[in-house]
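Let me begin by handing over the structure; questions about it come next.
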Amino acid sequence: MHSRPTIDFEALFAASPNPYVLMAPDLTIVTMNDAYLKTTMRERDDLVGRSMFDAFPSDPESESHQLLQNSFARVLQTREPDEIALIRYDIPLQSGEYEERYWSATHTPLLDDGKVAYILQHTVDVTELQRLRTLAAEAGHHRREEAGVFQRAHAVQEANQSLALETQRLRTMFEQAPGFVAVISGPDLRFQLANAAYRRLVGGRDVVGKPIAEALPEVVEQGFAELLDQVRTTREAYIGRGVSVMLEAEGGSPLEERFLDFIYQPIGEGEGIASGVFVQGHDVTEQRRAEDHQQLLIHELNHRVKNTLSIVQALAMQSFNDHAEPAAARQAFDARLNALSAAHNLLTTQNWEQAGLFDTIKTSVAATAGANISRVTIRGPDILVAPQVAVSLAMAIHELCTNAIKYGALSNDSGTVDVRWETARDAESALELTIHWNEAGGPPVVEPTRRGFGTRLIERGLSAELRSNVKLDFRPSGLECTIVAKLPAVAE
Amino acid sequence: MSLDGATILILEDEPIIGLALEDMLGREGASVLHASRIEEADGIISSERLDYAVLDVNVHGTLSYSVATSLAHRGIPFIFATGYGDRSHPAEFVTVPTVAKPYSSQDIRSALERSAASG
């Protein structure tokens, strides 16, 4: 038995009459054989290390350029050989002019560990054939067969091109889709595709080509790989709504909670295990946060409504007490509701965060005294008070006003009320507010024998609320009420 | 059960509501000690002899469970009065009778009865 000589593949490559050129995945020319140099009329040193498009420049907008670029892209994407049946690619001459050339090209990926390590380009110069065919057509002599081959080749090419365009369009659509899209396939759940939104979701990590366990280890721990595999093996789609997922905002950064709406859709027809899973969805984290915030607001609103109902209930109980005459009671209740409503209106304009003291007092007087407000002087520094203080104060002023209208300075045509206040810092630097309510010009004042709700509210309620002292002095010349209150801090 | 002659602590930060509750209880013959702040309530508990207490849960933004704890230690029956949303008490107080605002005097009376029975 004769032992065969070892084949020297490099020599074979170099000696082949077929032109070959080898490129790196970034299209840098690595090497080529002599046939290639001959057919392209170039020198080896002129080509090695340069990018294909740099070494053989063409208008990026031209059909030829795009055909070539798309073919390379397909090879890198699919890791399958790709053919261009007919491509015009002109070759520069020594003179600097270009010679019209037609080529047929095959691009074959050389894989290393599943990844494209090189692209081998095999080109055949078909310029002569193309020229003959054109001449024949011009001369009217149809060389049927040859022309037929070319026409078929051209037709296939056009079909491929429109398919490629369509694919490109879909790819662009996926890439730019507002929702996240990914295609995951195989038992190791390897990413085939992930669009911009998906990459943003996973903190810009490069997931394509990697199995999920390597690309996104944190989601495997959270059971999503198991879920994907279940969809793949059972072919039953999974729909998730507002699902909480902990993701790294950037590779290696701490986990952050995101809420996602998504679907895992098995890919492919037929029975048995699906070839892959189509993942599509939306990040609804912001929406979820808005909902939580809204829930909080509704909660707060409910709290206020219940509280207001309790206040209304209390006002009703006080107005319709055992001593009250029904018509007067109803009137008193209406007036109190009116004062409460005016205070609420005022607070609503300030988002229920605070109210100006001047407006609080003026609004309450206006709601109670109506046109008689012209006989009430209101002056003092316009400080801000907390909502609860504003409501209490408004109700106290309402009671003082009501009392003045019924028995005091506003019960005749000439009496006046002077409301003024000043503020000071106490020893603990808390703000101390002193309000003086002084009536004059009314009928002689008699101290009431029974303390009504208004008086009690002023004396007790307000005092408790404001941590303060209230002094009611029923002077014959007119009621003098002094309220000294330590104000709780208002949120700035 | 009669509240006649009983001394009742009210912890309530809304003065108008406090006043109405005071009147409700006053009509039953009880005398009322009113606190509008947690510290005020603490002071009253340590210095006065109390028969019952009615605690607003949220007092100026602070929960009143510390007051509830002192009352429980002293064996003074008490109830909670709450607005919306603060009805999920800590485990030790889940059985405390709780009335929701707005409440009637009947609500308060029967809740106080239950607190006395379980205490």
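Residue numbers begin at 1 in each chain, while the letters A, B, ... track the order of the sequences. Everything numeric here is computed off the predicted structure, so don't read it as measured data.
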message: How about CD on A:Gln331, more than 12 heavy atoms from neighbouring residues, nucleotides or ligands closer than 6.0 Å, or not?
response: no
- prompt: With a cut-off of 6.0 Å (strictly less than), are more than 12 heavy atoms of other residues, nucleotides or ligands near OH of A:Tyr407?
  reply: no
message: Using a 6.0 Å cut-off, check whether atom CZ of A:Arg330 has over 12 heavy atoms from anything other than its own residue.
response: no
task: Give a yes or no answer on whether the side chain of B:Glu14 reaches the backbone of A:Asn307 with a donor-acceptor pair at less than 3.5 Å.
output: no
message: Using every non-hydrogen atom in the two residues, find where A:Met317 and B:Ala20 come nearest and quote the distance to one decimal.
response: CE-O, 3.7 Å
- prompt: Any idea which heavy atoms bring B:Pro102 and A:Gln313 closest together, and the distance?
  reply: CB-OE1, 3.5 Å
Side chain to side chain contact (heavy atoms under 4.5 Å, CB included) assessment of B:Lys101 paired with A:Leu309: CA-CA 8 Å; B:Lys101 293 177 183 177; A:Leu309 281 177; over 6 Å; no
CD1 on B:Ile16 to CE on A:Met395, rounded to 0.5 Å: 4.5 Å
- prompt: How about A:Gln294: does its CD atom have over 12 heavy atoms from other parts shown lying under 6.0 Å from it?
  reply: no
